[in-house]
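One-based numbering, in listed order, for ligands and for the atoms of each.
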Amino acid sequence: MKKFCVIGNPIDHSLSPKLHNFWFKRNKINAIYEKKLLKKDEIPELVGSLRKAEISGVNVTVPFKNTVIPFLDDLSLEAKKTNSVNTLCKEGDKIIGHNTDIAGFELAIRYINYDVKRKKAFIIGAGGVSPSIIFALKNMGCEDISLTNRTLENAEKIKEIFKEIKIERWGNIPEFDIVINATSVGLKNENFILDFKKLGNNRFFYDVIYNPNETNFLKNAKQSGNKIENGRMMFIYQAHQSFALWNKVLPKIDEETIEILK
Ligand code: ATR
C-alpha cells in the first residue's frame, strides 16, 4: 500500500486526508493518506523517507512551505518564484518541490467565472499563501495589485519578489474590485481592524479560509450586498493538482467531493 501525508504544525485541522482518501477509494488506488505533526528538525528525516520510497508523496502546510526548501533537490518554476512549496514528489532519484496553491487559487476563481483582467486586487496578509495568490492573479491578467500586512516588513519581503505590487499601510484601504483575506484572522471568528462596511455593495470579497464557512469578513461583506466566496474550492483544486502529480490521475470534483468538506 502506498503512503502519503501532509506535514504541518498545527495539523489537526487539516482536511487533506479526508479528501485524498476519498479520491483513492473512488479511483481504486491502494493507498493511504495521513496527517503528521512535525517539528522543524524532523523535516530532513521525512524527506529521507520520500527519498527511500517509504512514502510516495507529501503535502506541506503552515509553517513549513518555505522552511522545507533547503532539503529538496529542485523546485518547479512556480515554487521557485514564490519561495513556497506545498507538494513533494520523487521524480527519478530527485525530490522536487511543487506549488499547487497557485493553480488552486486560479482554478477556484475561474470556477466562478470571475475575470480579474482590468480589475484592482487588494490582498490582506503576507503569510505563506500570499505569493501564490499574487502569482495566480498575474497569471490571469490582473495588473493592479495592492498588498497590506500588519507587519510591514513581511509585505516588503513579498515586494522583493513581485516588484510591481503596491504596499498599503496597515489600516488603509485602497480602491479595489476584489479583496482577498490571506491572513489567519477569522479562523477563530475574530474580527479585522480593517473596516469595509462604509464601502457599499459592488465588490468581491474572497477569503482563503473555508472553516468556518463564512468568516466575519465575508458575513459583513455579504450584509452590505457584496459578492463573497470562501477558500473551499481553492483547497479542493490544490489537492486535485497534487493528486494528479502523484498518481497521474485527475480525480473528479463533483457535489459529493465538495460535500465531504462541509
Ligand atoms: P505563516 O506566515 O507562518 O505562513 P500564515 O498563517 O500563512 O502563517 O500567515 C499569517 C498571516 O496572518 C500574516 O500575514 C500575519 O500578519 P503578520 O505578518 O503581521 O504576522 C497575519 N495575521 C495573523 N494574525 C493577525 C492579526 N491578529 N491581525 C492581522 N494580521 C494577522
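In the vicinity of Ala126, heavy-atom distances shorter than 4.0 Å reach the ligand 1 atoms 14 (O). With ligand atoms numbered from 1 in the order given, ligand 1 contributes 14 (O) to contacts under 4.0 Å with heavy atoms of Gly125.
Residue Trp170 places no N or O, backbone or side chain, under 3.5 Å from any N or O of ligand 1. Checked by distance only, ligand 1 and Thr183 stay at 3.5 Å or farther apart across all their nitrogen or oxygen atoms. Below 3.5 Å of separation, one finds an N or O of Gly128 facing an N or O of ligand 1. Checking only distances, Val185 never comes within under 3.5 Å of ligand 1, N or O to N or O.
Nearest protein heavy-atom neighbour of atom 8 (O) of ligand 1: Val62 CG1, 4.1 Å. For atom 16 (O) of ligand 1, the closest non-hydrogen atom on the protein side is Asn149 OD1, 3.3 Å. Here the protein heavy atom with the shortest distance to atom 20 (O) of ligand 1 is Arg150 NH2, 2.8 Å. Considering only non-hydrogen protein atoms, atom 2 (O) of ligand 1 sits nearest to Gly127 CA, 3.6 Å. For atom 10 (C) of ligand 1, the closest non-hydrogen atom on the protein side is Ser184 OG, 4.1 Å.
Using a distance-only test at 3.5 Å, with no hydrogens or angles considered, a donor-acceptor pair links the side chain of Asn86 to the main chain of Thr100. Judged by distance alone, the side chain of Asp207 and the main-chain N or O of Leu218 form no donor-acceptor pair under 3.5 Å. With hydrogens and angles disregarded, a donor-acceptor distance shorter than 3.5 Å links the side chain of Asn216 to the backbone of Asn189. With hydrogens and angles disregarded, no donor-acceptor distance shorter than 3.5 Å links the side chain of Gln241 to the backbone of Gln238.
In this structure, Phe192 has no heavy atom closer than 4.0 Å to ligand 1.
Ionic pairing of Lys3 and Glu34 is not present here: no N-O contact between side-chain nitrogen and carboxylate oxygen is shorter than 4.0 angstrom.
Put simply, CD1 on Ile145 and CD1 on Ile167 are 11.0 Å apart, with the number rounded to the nearest 0.5 Å.
Closest approach of His98 to Ile96, counting heavy atoms only: NE2-CG2, 3.7 Å. Smallest separation of non-hydrogen atoms from Lys166 and Asp144: NZ-OD1, 3.0 Å.
Contacts with ligand 1 closer than 4.0 Å are made by heavy atoms of both the backbone and the side chain of Thr151.
None of Lys90, Lys94, Arg51 except one satisfies the side chain to side chain donor-acceptor pair (under 3.5 Å) rule with Asp73; the exception is Arg51.
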